[in-house]
Amino acid sequence: MNSNDLHTISLYVSNKPGVLARIAQVFARRGFNIDSLVVSSAIDGNYSRMTISAKGNPEGLDQIIKQASKLIDVLHCIDHSQESVVSKEMALIKIGVDSEGRPEVLQLVEHFGCKVVDFTESSLILMVTGDSGKLDALIKMLGRFRVIELVRTGKVIMARGDEVT
Amino acid sequence: MSASDTAILEPETITKPTPNFSVKPNVSPEAMEGAQALVRRLEMEGVEYIWGLSGGAAIPIFDALVTTNTKIKLVLVRHEQGATHMADGYARVTGKPGVVLVTSGPGATNTITGIMTAHMDSVPMVVITGQTISSMLGKDAFQEADVFGLTMPVVKHSYMIKNSNDIPRVVKEAFHIARTGRPGPVLIDIPKDMSSGICTAELDPPMDLPGYNPEIKTDLSSVMDIAEALSRSRKPVLLAGHGALIANAQQELLKLAETLNAPVTTTLLGKGAFPETHPLSLGMLGMHGTAYANKAMVECDLVMSIGSRYDDRIVGQPQRFCQNATRIHIDIDVAEIHKMISVHHHAVGDARAILAELNKHVSRLDTADWQKHLDGYKKRFPLKYKKQGGLKMQHVLDELDDLTNHRAIISTDVGQHQMWAAQFCLSVDPHTWLSSGGAGTMGYGFPAAMGAQFGRPDAAVWAIVGDGGFQMTMCELATACVHKLPVKILVLNNHYLGMVRQWQELFFDDRQSGVDLEGNPDFAKLADTFPGAKGFNIKRPADVRKVLKKAMEYNDGPCVVNAECVKEDNVYPMIPAGKALEDMLVDAPKYKLEKPTGST
């Protein structure tokens, strides 16, 4: 593994003020840049789920996981980089396109299994879900068109089978 | 303002209602103010002292110290940093969390240095800060500081009170967190409307800490692995750190060392974990440790840390540290394992319990040659100084160590005097050596000594400080006088920030920059101006013993012994920052040194 490897870390934390700041500090202090971060309530509303994607060297990551696990409000912190997990992401992409270019975009929509969620004379908003690689490929293909705005949710993952996320 | 305006305002002063302090409206018999619940909970935690300084946002809490008729004694300090170091000193000698109470804004920010100092050295502390009222939070209210956010990287945990009924649970959790596992400071920020609001919650509620499990079950097989590794060693070194003291493992360590017949070195904060008068003691290791301790580290075939974090001051260059030895780490904090250096064996848990278990599985090692070899180093490279040619700090410390028979509680500041004190003031008993090891906080020594004196009223307590650090917190002389604390402050005065000057001499072609402390006061005279304090001077080597004895006889309050020492002297041995232990300078170098590549 080199220092540019992407790691995906899941955390199960108490749903209390300041938790996110404490975790972000553990990453920032060791110079890890967080690429994406998803936080949402767990089944039990007293807890939250976090999925963090970050780049950095594995030794640094090991230390970050130990430090994050030490935080009083963190119940567990797991690196899933080496594991088989279900990994999904969603993106909304607004394309500036007139009636002439539209058929080609709609072809891509069909091929990538996206949905058109907004349709105007001059623009379309596409919704795409899948793993991050699929989203990257679509965005690359759309490079030929005028991409007005792009919003990605960031990756969420779940460990397969009996493994804990 | 016109005359008529004044006339309109006048009646208000007449109609002002007389406040009735004894009546608290709308309070049921069990209910009390949040601040009163706080004080009751502090009592239940066994709190004896609170070190603090008031201000607007903390007035309800200070008021509750009166209205509850509590037996907890409030010590009013002169600066909030002093309060944190006093709480720290108290905690280090008693093992009980020190409690600090300050107001919002600058009162709270002034505690940050002390909180960070406690955090770096794993000292249990509970810091309570007043805060502006909840509805004003985040609106730049007067004396509002986001202390919850500001302190986040330097606390073990922190709370902001959002409901007066949470106060008993939060205080209970704060003490539990501060004192268990790897101890540390916990901060509780209390908005004024929460401390003055009504609390009807029970005072001993259940805690809600699902993510905190300080009870570590040590893997027994890891202890067996360590015992096996020890059995194969012929040149072992045991390295005791602060964690050995926090766990009160000194008896188990003594037994282990004597059973194995293995030498023991300690870190700066490990002083007292193993008696430095014991034949197996190598004294302190590290940047300014003894030559024989550092040489033992270079040549050993096994090193076992008990509650140290292998920090940069003792390993020098991590890649070259004990490369040919079996490296073992015992620590309560799993995040310390493999952090600085990779180790072959480790055990996570309480040092005392682990050593007790280990003691069941070890037997005497054949270390006779190793001991003989190290004794040779002790004879060849003793700690030394010259009594001629002006007054040396080492001389004063050596005499002090002799006069106090290694039994005084010693609290140091940071710099050259600290390193010489570590070398010459031998620690025999646990919890008698206080120093800011991780943070290196100048200004720590004197207030920490006061905290130690509060915790151990009958002990002889010496603050050993430099002229630079003492001036950062010497305002606490007033506090020491009020409480008639017989703390002895030994100012080793060289009119310099000596350690920085030493680095400038050795690594920066002696270009002095910002190290000359011209403008120092006459410390002895200054002491005399505080009611009940007394000043002494040591000017010549011949005065040392006589004046120290006089200071020891003065117990009506604090005394300041100003020792006018030679201006330019350097601490040796020295391992330049970032260099390996092999690169130790036992004495002044005869060649030009490279600039250090290590941190500080």
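Here is how names work: the chains are called A, B, and so on, in the same order as the sequence lines, proteins then strands, and each is numbered from 1.
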### Query
Side chains of A:Glu59 and B:His338: closer than 4.5 Å at any heavy-atom pair?
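Sidechains of B:His338 and A:Glu59: no contact.
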### Query
How long is the gap from NZ on B:Lys156 to CG on A:Leu71, to the nearest 0.5 Å?
11.5 Å
#### Entry: Separation of B:Glu173 CD from A:Ile72 CD1 (nearest 0.5 Å)
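If we round to the nearest 0.5 Å, A:Ile72:CD1 and B:Glu173:CD are 9.5 Å apart.
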### Query
Are the side chain of A:Gln63 and the backbone of B:Lys339 linked by a donor-acceptor contact shorter than 3.5 Å?
no
### Task
With a 4.5 Å cut-off on heavy-atom pairs, point out which of B:Pro153, B:Gly181, B:Gly149 contacts chain A the most.
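Top option by heavy-atom pairs under 4.5 Å: B:Pro153.
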### Task
Just give me the residue among B:Asp333, B:Leu209, B:Asn213 that pairs up with chain A most often, heavy atom to heavy atom, under 4.5 Å.
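Highest number of pairs under 4.5 Å: B:Asp333.
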### Message
At a 4.5 Å cut-off on heavy atoms, which part of A:Tyr47 comes close to chain B: side chain, backbone, both, or neither?
### Response
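Contact with chain B involves the side chain of A:Tyr47 alone.
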### Message
What part of A:Ile65 gets within 4.5 angstrom of chain B, counting heavy atoms only: side chain, backbone, both, or neither?
### Response
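Answer is neither: A:Ile65 stays 4.5 Å or more from chain B.
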### Query
Taking all non-hydrogen atoms of both residues, which atom of B:Met152 and which atom of A:Gly18 are closest, and how far apart?
CE-O, 3.9 Å
### Taking every non-hydrogen atom, the tightest pair across A:Leu75 and B:Gly211
CG-CA, 4.0 Å
So with a 6.0 Å cut-off around [atom1] of [X], is the heavy-atom count from everything else above 12?
| X | atom1 | result |
| --- | --- | --- |
| A:Met141 | CE | no |
| A:Glu110 | CD | no |
| B:Glu215 | CD | no |
| B:Asp140 | CG | no |

### Query
Does the side chain to side chain contact (heavy atoms under 4.5 Å, CB included) test come out yes or no for A:Lys66 and B:Glu336, once each step is laid out?
CA-CA 9 Å; A:Lys66 285 176 178 172; B:Glu336 292 299 341; over 6 Å; no
### Task
Could you walk me through whether A:Lys70 and B:Val334 pass side chain to side chain contact (heavy atoms under 4.5 Å, CB included), step by step?
CA-CA 9 Å; A:Lys70 236 167 85 168; B:Val334 71; over 6 Å; no
